[in-house]
Amino acid sequence: MNESFDLDGFVDALRHAALQEDAPKALRRLMDEAVSDSDLMAAAIPDFGEDLILFEDDTVSIWYCHFTPGMTVPPHDHQMSAVIGVFRGQERNDFFERAPDGGLQKSAEVVLGAGDALSIGPSAIHAVTCTSATPCNGIHVYTGRLTTVTRSLFDPKTGRAIPFDDANYEALMRPDG
Ligand SMILES: [Fe+2]
C-alpha cells in the first residue's frame, strides 16, 4: 500500500515507463498500482475542472482528464496505445467498430470507476460518458505525441469520420442517451 501520492513523481515514473520496450504494459503496471489506492490519488490531485496536459513529448502524452456528469465525449480514435486510470467518479466507455455500411456499431461497453484501469489499442474507437453524479477524473497516458498525431472524430449518427480538432470535438459533445 502506498503512503502518499505525488503527481509530479507519478508523471516522472510514467515518462520512464514509456521508454521501456513494452511501454503499454509498463505504463499499465504503474497505473494499476496508482489507482489501487484511488482515495490517495483523489486527495492529492485537485479537480482542475478541465482536461490538462501534464506532459507531452514524442514518446508519451500524459493527461489529466475531466468528464462532466451526464455528458458524452464523441467517438474518437487515438492512433496509439492508451492506458486510462480513474481515481474519481465513474465513466462508461462505449467501443465501436466500423459497420459494413460505413457507419459505427457499438461492439463493447466498459464501465470504469475509481480504482479501475483500462488499456486501449491504437485502432480502438471509443466514446466516454460520465455516469457519476460528480465529475469523473482520470489520468490518461498515450504512447506518443497526441496533440499532433492525425486522428479522427466520428459522428455518432452517421459514423462519418471528421478531423479531430477542438471545434469538431465541442460540436459533437452530447448529453448521454
Ligand atoms: Fe479517448
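Every number for a ligand or one of its atoms is a count from 1 in the order of the listing.
For residues 113-123, the pairs satisfying side chain to side chain donor-acceptor pair (under 3.5 Å) are Arg28-Ser119, with sequence neighbours left out.
A donor and an acceptor atom, one from each side chain of Thr147 and Glu56, are located under 3.5 Å apart.
When side chains are defined from C-beta on, Ile139 counts as touching Phe87, because their heavy atoms get closer than 4.5 Å.
Residues forming a side-chain contact (heavy atoms from CB on, under 4.5 Å) with Glu109 (at least two apart in sequence, or on another chain): Arg92, Asp94, Lys106, Val111. A search for side-chain contact (heavy atoms from CB on, under 4.5 Å) contacts involving Ala13 returns Leu30, not counting sequence neighbours.
Around the Fe ion (ligand 1), the protein atoms of type N, O or S that sit closer than 2.8 Å are His76 NE2, His78 NE2, His126 NE2.
For the pair Arg15 and Phe55, the cation-pi criterion (under 6.0 Å, within 45° of the ring axis) is fulfilled.
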